[in-house]
**Student:** 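Following this message is one structure expressed as structure tokens.
Please read all numbers here as calculations on a predicted model, not as lab measurements. All ligand and atom numbering here is 1-based and tracks the order in the structure.
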Amino acid sequence: MVPGELAISDEVQQALQQGSAVVALESTLIAHGLPYPVNEETAHAAEQAIRAVGAVPATIAVLAGVPTVGLSPAQMAELARSPSVQKASRRDLGAVIALQQTAATTVAATLAIADMAGIRVFATGGIGGAHRDTDSFDISADLVELARTPVFTICTGAKSILHLPRTLEILETLGVPVVGYRTDEFPAFYVRDASPTLPVSARVETPAQAAAIFTAHVRLGGGGAILAQACPAEVAIPPTEFAAWLAQAEQQAQAVGITGAKLTPFLLARIAEASGGRTVGANRALVVANARLAAEVALALARLT
Ligand code: PSU
Ligand code: MN
């Protein structure tokens, strides 16, 4: 696909031409990661957090076969309110474009489209990774896309429904820097103080340091990189409570035979129910915090280049 086949909003187009700070946002989080209406509200809050810092948000999805960069509020509302919208990861992009379908994009698919648009910074909640059940071989395409696409992903580590030590090992194998923002530990999404603690590959204290690492990594022929910060402490979930909800959700997934792309949304939804909505509040808070940090990094990157 050539870049001309992307639909880029006027605001994002103008910011890119001027070399201003732009932050990409994904849409699977909206359509499949959070329940309505928190999902729509979170999507707007993330965009507002980016604007408040002085950068331009670009929420990404595929609409009727067109990869769209910079969704309008009406387009975001449509994705947030339609429960049956497709989830497109990297492998699905060709099909949804060729068949003129509408799909929310995962981290992997959003990274690919952001790169085509020339956006270098992206914010999400927690990335995908290696699932806990090894027999399924379920390892998110997010990891492979992170390895090959030169976009900086700002997140709260990988989702706590995953096997985090294996996820981190795969990222190391793929040569993806995992930089901790004011932390030495790879965050476990909305769970804080999880054990064992997993080390990041480098630590920074400022957005400028983070931007400098990303720039050096890309100059050396590297692909993407991760900047991870801890979940805001006020909303974080204690590990023992989370473990019980996860075990129950995994049993339910097995009982009804949920696998593949449906597994992550299923587990997140069951855990949200079991927690009485606490994980939804935490997920919302960490996404907005990541959007804000991503905007600061995008500004630092714009100053460097
Ligand atoms: N971050 C969140 N909630 C989410 C996701 C990320 O806080 O729902 C989504 C992202 O789109 C990510 C996807 O790419 O979950 C992972 O799906 P899978 O495990 O099927 O690759
Ligand atoms: Mn998967």
**Student:** Show which atoms of ligand 1 fall inside a sub-4.0 Å distance from at least one heavy-atom site of His131.
**Tutor:**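 Taking each heavy atom of His131 in turn, ligand 1 has 19 (O) under 4.0 Å.
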**Student:** I'd like to know if Arg270 and Glu273 make a salt bridge, using a cut-off of under 4.0 Å between side-chain N and carboxylate O.
**Tutor:**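 Salt bridge: yes.
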**Student:** Do the side chain of Thr206 and the main chain of Gln209 share a donor and acceptor less than 3.5 angstrom apart?
**Tutor:**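 Yes: the side chain of Thr206 pairs with the backbone of Gln209.
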**Student:** Would you mind listing which atoms of ligand 1 come within a distance below 4.0 Å of any non-hydrogen atom of Lys87?
**Tutor:**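 Those of ligand 1 that fall under 4.0 Å from Lys87 are 17 (O), 18 (P), 20 (O).
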**Student:** Evaluating non-hydrogen atoms only, which member of Asp138, Asp142, Leu267 is closest to atom 14 (O) of ligand 1?
**Tutor:**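 That would be Asp142.
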**Student:** Give a yes or no on whether Gln254 atom CD has more than 12 heavy-atom contacts from other residues, nucleotides or ligands under 6.0 Å away.
**Tutor:**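 No, not enclosed.
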**Student:** Judged by atom type as modelled, is there a donor-acceptor pair below 3.5 Å linking the side chain of Asn290 to the main-chain atoms of Thr124?
**Tutor:**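 Yes: the side chain of Asn290 pairs with the backbone of Thr124.
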**Student:** Would you mind checking which non-hydrogen protein atom is closest to atom 8 (O) of ligand 1, with the distance to 0.1 Å?
**Tutor:**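 Sorting protein heavy atoms by distance from atom 8 (O) of ligand 1 puts Gly33 CA, 3.3 Å first.
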**Student:** Under 3.5 Å between some N or O of ligand 1 and some N or O of Thr264?
**Tutor:**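 Checking ligand 1 against Thr264, an N or O pair does fall under 3.5 Å apart.
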**Student:** For ligand 1, which part of Leu268 has a heavy atom less than 4.0 Å away: the side chain, the backbone, both, or neither?
**Tutor:**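 Under 4.0 Å from ligand 1, Leu268 contributes side-chain atoms alone.
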**Student:** In ligand 1, which numbered atoms sit nearer than 4.0 Å to a non-hydrogen atom of Ser140?
**Tutor:**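 Counting atoms of ligand 1 from 1, those under 4.0 Å from Ser140 are 18 (P), 21 (O).
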**Student:** Tell me whether ligand 1 is touched by Gly126 - counting only heavy atoms on the residue side and a distance under 4.0 Å.
**Tutor:**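 Yes, Gly126 has a heavy atom closer than 4.0 Å to ligand 1.
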**Student:** Using a strict threshold of under 4.0 Å (side-chain N to carboxylate O), is an ion pair present between Arg148 and Glu145?
**Tutor:**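 So Glu145 pairs with Arg148 through a salt bridge.
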**Student:** Taking 4.0 Å as the limit for heavy-atom contacts, which would you say applies to Asn283 with ligand 1: side chain only, backbone only, both, or neither?
**Tutor:**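 Asn283 to ligand 1: side-chain contact only, backbone stays beyond 4.0 Å.
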**Student:** Check each heavy atom of Thr124 against ligand 1 and say whether those closer than 4.0 Å belong to the side chain, the backbone, both or neither.
**Tutor:**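 It is the side chain that gets close, since no backbone atom is under 4.0 Å.
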**Student:** Where the side chain of Ser82 meets the backbone of Val85, is there a donor-acceptor pair that is under 3.5 Å apart?
**Tutor:**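 No: the side chain of Ser82 does not pair with the backbone of Val85.
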**Student:** If every non-hydrogen atom of Val176 is compared with every non-hydrogen atom of Ala147, which pair is closest and at what distance?
**Tutor:**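 Heavy atoms only, the tightest pair is CG2-CA, 3.6 Å.
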**Student:** Mark yes when over 12 heavy atoms from residues, nucleotides or ligands other than Arg91 sit less than 6.0 Å from its CZ; otherwise mark no.
**Tutor:**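 Atom CZ in Arg91 is not crowded, with 12 or fewer foreign heavy atoms closer than 6.0 Å.
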**Student:** Kindly compute the distance separating NE2 (His163) from CD1 (Ile139), expressed to the nearest 0.5 Å.
**Tutor:**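 If we round to the nearest 0.5 Å, His163:NE2 and Ile139:CD1 are 11.0 Å apart.
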**Student:** In terms of residue, atom name and distance, what is the protein heavy atom nearest to atom 13 (C) of ligand 1?
**Tutor:**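 The closest heavy atom on the protein side is Lys159 NZ, 3.7 Å.
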**Student:** Verify side-chain contact (heavy atoms from CB on, under 4.5 Å) between Thr110 and Val151, making sure each step is shown before the conclusion.
**Tutor:** CA-CA 10 Å; Thr110 306; Val151 174; over 6 Å; no
**Student:** In sequence, state the C-alpha distance, the side-chain angles, and the governing distance for Ser201 and Glu172, and then conclude on side-chain hydrogen bond (donor to acceptor under 3.5 Å, both in side chains).
**Tutor:** CA-CA 9 Å; Ser201 62; Glu172 181 182 355; over 6 Å; no
**Student:** State the atoms of ligand 1, each with its element, that fall below the 4.0 Å cut-off from a heavy-atom position in Phe189.
**Tutor:**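 Ligand 1 atoms under the 4.0 Å threshold to Phe189: 2 (C), 7 (O).
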**Student:** Students should be able to answer this: which protein heavy-atom is nearest to atom 2 (C) of ligand 1, and at what distance?
**Tutor:**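 That would be Leu29 CD1, 3.3 Å.
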**Student:** Which is it for Glu26 and ligand 1 at heavy atoms under 4.0 Å: side chain, backbone, both or neither?
**Tutor:**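 The answer is the side chain of Glu26.
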**Student:** Out of all atoms in ligand 1, which are within 4.0 Å of some heavy atom of Thr106? Include the element for each.
**Tutor:**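 In order of numbering, the contacting atoms are 11 (O), 14 (O).
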**Student:** With respect to the Mn ion (ligand 2), what is the nearest N, O or S atom of Asp138?
**Tutor:**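 Of all N, O or S atoms in Asp138, the Mn ion (ligand 2) lies closest to OD1.
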**Student:** Any idea which part of Val107 is under 4.0 Å from ligand 1, heavy-atom wise: side chain, backbone, both or neither?
**Tutor:**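 Both of them.
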